[in-house]
Amino acid sequence: MEARSAPTMSVGDPALLAFLGLPSDGSTTVTESTALTLSAVYRAVSLVAGSIGSLPLRTLTETDGQKVRAKSFLDSPGGRDRRFTASEWKQLVATHLLLHGNAFLQHVYNGAGALVALYPVHPLSVEVEWDDRRPGGKKFTIHLEDGKNVVLDSTSMTQVMGLSLDGLRGLSCIEKARVSLSTGISGDRQAGRMFSSGLSISGFITPDAAESDLEGDEPEVIKTAVNKAFTGTKNAGSVAVLSKALKFHPMTLTAADAQFIESRAFSVEEVSRWFGVPPHLLSQVEKQTSWGSGVAEQNRGLARYTLTNLTTPIQERLTLLLPLGKTAEFDYTAFIKPAPEDEIALILSEVNGGLITPNEGRRIRNLPPIPGGDTLRLPAGMGPAGSPPKTEGEAE
């Protein structure tokens with residue numbers, strides 16, 4: 001079943017304003033395709049979605065007070081027919097949620113009625129309405145490419161929703177960022193037109209006397225002579241002399257050109273704000289250092305404040321589809337893993353503090369166990385758990 005993208009318009013859409021005969025703000029129409037032509041947007045989306053796609057999605061169950069892994073259909077959420085691999089499925093769901101504020105997952109059941117897969121459906125092809133007569137209180141209408149519609153409810157469709165104002169649909173980032181993104185797209189197009197037109201000269205030469213003019217083939221002769229005397233590595237550092245009848249006017253960066261360049265850099269900062277990605281990950285490092293613990297903290301902040309905003313609603317919705325007692329959870333262990341020297345220092349302090357055994361610490365570092373390494377090391381003066389406290393003489 002192939003779904004088509006239903007046409008959508010916002011109040012500020014330039015096409016809608018033109019149709020109504022109202023003045024437009026001159027901004028470019030922004031869709032997911034045009035937005036992704038901006039390098040900063042493509043990088044931000046691919047970075048966030050790719051990071052989530054690389055996170056292991058675990059099904060956990062609680063046994064003896066500890067969470068252990070359990071098998072479920074989430075081990076291959078895209079189905080056993082290889083329509084989507086696990087990483088492709090997670091990346092696609094995260095992309096829909098990041099760009100459109102919604103991810104729609106159609107349920108796939110086997111012959112025994114068990115849920116075996118979730119197929120992502122493009123958010124623009126799904127219409128959502130309130131319907132208290134249906135399970136979940138919502139009706140989902142999928143618009144297909146052949147013009148037909150398929151109506152589903154919460155028993156056959158799961159909606160993962162981001163930030164919302166009404167609880168019906170999440171807010172689309174590319175729709176809310178239309179003005180910011182259209183400015184960046186217009187800047188890219190203007191730069192492309194400028195470079196494709198070949199407007200790139202270092203200066204121009206005019207007669208010194210206002211009343212005189214160059215005639216015949218004089219302009220070409222002067223151009224050839226000046227290029228021969230001025231350009232090339234062999235002329236670097238040398239002194240060039242023009243005839244006193246000629247004046248050279250160098251092309252310099254105007255205030256408008258400088259503002260244009262600044263606007264291109266500001267466009268990257270805007271994308272960074274909209275998608276919650278640190279500027280240095282979008283190659284914008286002019287205003288910050290790329291060294292030290294500052295960047296490391298920003299990388300940790302990316303996981304804490306950006307990625308979890310997307311993974312939390314996904315795992316909560318997936319948990320509702322699992323049997324009672326099982327939960328879905330993204331594993332961030334490898335993503336926020338500290339530097340090797342910091343990790344070793346932390347393991348040593350946990351081993352010596354009696355929190356983990358030496359073999360548990362070695363397992364974290366992918367090292368084989370050692371004889372006697374399954375015994376906790378208790379700090380000096382601390383007895384086994386449950387033992388009576390030592391007297392002052394015994395402690396001495």
Side-chain angles (χ1 to χ4, degrees), residues 48-80 83-110 112-123 126 128 130-132 134-140 152-164 166-171 276 302-336:
V48 173
S51 298
I52 293 177
S54 66
L55 296 176
L57 179 58
R58 313 291 193 191
T59 301
L60 303 176
T61 183
E62 190 168 338
T63 303
D64 297 331
Q66 291 185 343
K67 290 185 177 181
V68 296
R69 286 199 60 183
K71 291 185 177 181
S72 75
F73 76 95
L74 293 180
D75 296 334
S76 298
R80 298 289 182 180
R83 176 173 294 197
F84 301 103
T85 65
S87 61
E88 290 171 348
W89 185 89
K90 289 177 285 188
Q91 188 167 341
L92 181 57
V93 173
T95 300
H96 287 173
L97 194 57
L98 186 64
L99 291 178
H100 300 282
N102 297 274
F104 295 95
L105 308 173
Q106 186 177 0
H107 300 181
V108 179
Y109 297 91
N110 60 14
L115 182 62
V116 294
L118 298 170
Y119 287 164
V121 182
H122 198 285
V126 182
V128 188
W130 294 113
D131 191 343
D132 294 333
R134 295 181 177 273
K138 289 183 179 181
K139 179 177 73 172
F140 306 97
L152 305 174
D153 54 37
S154 62
T155 60
S156 50
M157 174 76 83
T158 291
Q159 178 190 10
V160 183
M161 186 169 54
L163 181 65
S164 176
D166 55 5
L168 186 65
R169 288 189 74 106
L171 299 177
L302 174 67
R304 183 178 303 169
Y305 302 115
T306 299
L307 300 187
T308 54
N309 286 342
L310 298 175
T311 58
T312 299
I314 294 175
Q315 63 190 25
E316 287 182 349
R317 282 293 175 182
L318 296 181
T319 297
L320 297 178
L321 302 177
L322 294 172
L324 190 64
K326 292 184 177 181
T327 58
E329 185 176 303
F330 283 92
D331 187 0
Y332 279 85
T333 302
F335 189 85
I336 59 177

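Taking the side chain as every heavy atom from C-beta outward, Val121 and Phe140 never approach each other to under 4.5 Å. Counting heavy atoms from C-beta on, the side chains of Leu105 and Leu321 never come closer than 4.5 Å. Residues Leu322 and Phe73 meet the side-chain proximity criterion, which asks for heavy atoms closer than 4.5 Å.
Arg69 meets the salt bridge (charged side-chain N to carboxylate O under 4.0 Å, His left out) test with Asp75; sequence neighbours excluded. Annotation: side-chain hydrogen bond (donor to acceptor under 3.5 Å, both in side chains) contacts of Thr155 (sequence neighbours excluded): Asp153. Remark: Lys139 pairs with Glu129 by the salt bridge (charged side-chain N to carboxylate O under 4.0 Å, His left out) rule, at least two apart or across chains.
A pairwise comparison of heavy atoms in Gly167 and Met161 identifies O-CE, 3.4 Å as the closest pair. The heavy-atom pair separating Ala303 from Thr308 by the smallest distance is O-CG2, 3.0 Å. The minimum heavy-atom distance between Asn102 and Pro123, with the atom names listed, is O-CG, 3.4 Å. The two residues Ser154 and Pro135 have their closest heavy-atom pair at OG-O, 2.7 Å. When all heavy atoms of Ile314 and Leu310 are compared, the pair lying nearest together is CG1-O, 3.1 Å. The two residues Thr95 and Ala49 have their closest heavy-atom pair at OG1-CB, 3.4 Å.
Lys138 places a side-chain N or O within donor-acceptor distance of the main-chain N or O of Leu168, the cut-off being under 3.5 Å. With hydrogens and angles ignored, the 3.5 Å screen pairs a side-chain donor or acceptor of Thr306 with a backbone N or O of Gly276. Judged by distance alone, with hydrogens and angles left aside, the side-chain atoms of Ser87 form no donor-acceptor pair with the main-chain N or O of Gly53 at under 3.5 Å.
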Intermediate values then yes/no, side chain to side chain contact (heavy atoms under 4.5 Å, CB included), Leu118 and Leu318: CA-CA 10 Å; Leu118 298 170; Leu318 296 181; 3.6 Å; yes

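A donor-acceptor contact closer than 3.5 angstrom links the side chains of Tyr332 and Thr311.
Note that CD of Gln91 and CG of Leu55 are 11.5 Å apart. Values are rounded to the nearest 0.5 Å.
Screening residues 54-63 for side-chain hydrogen bond (donor to acceptor under 3.5 Å, both in side chains), with sequence neighbours left out, gives Thr59-Ser72. Pairs engaging residues 314-325 under the side-chain hydrogen bond (donor to acceptor under 3.5 Å, both in side chains) rule: none recorded [sequence neighbours left out]. The salt bridge (charged side-chain N to carboxylate O under 4.0 Å, His left out) analysis of residues 85-100, with sequence neighbours excluded, yields no pairs.
Remark: Asp132 CG is loosely packed, at most 12 non-hydrogen atoms of other residues, nucleotides or ligands lying under 6.0 Å away. Under a cut-off of 6.0 angstrom, the local environment of OH in Tyr305 is sparse, with at most 12 non-hydrogen atoms contributed by other residues, nucleotides or ligands.
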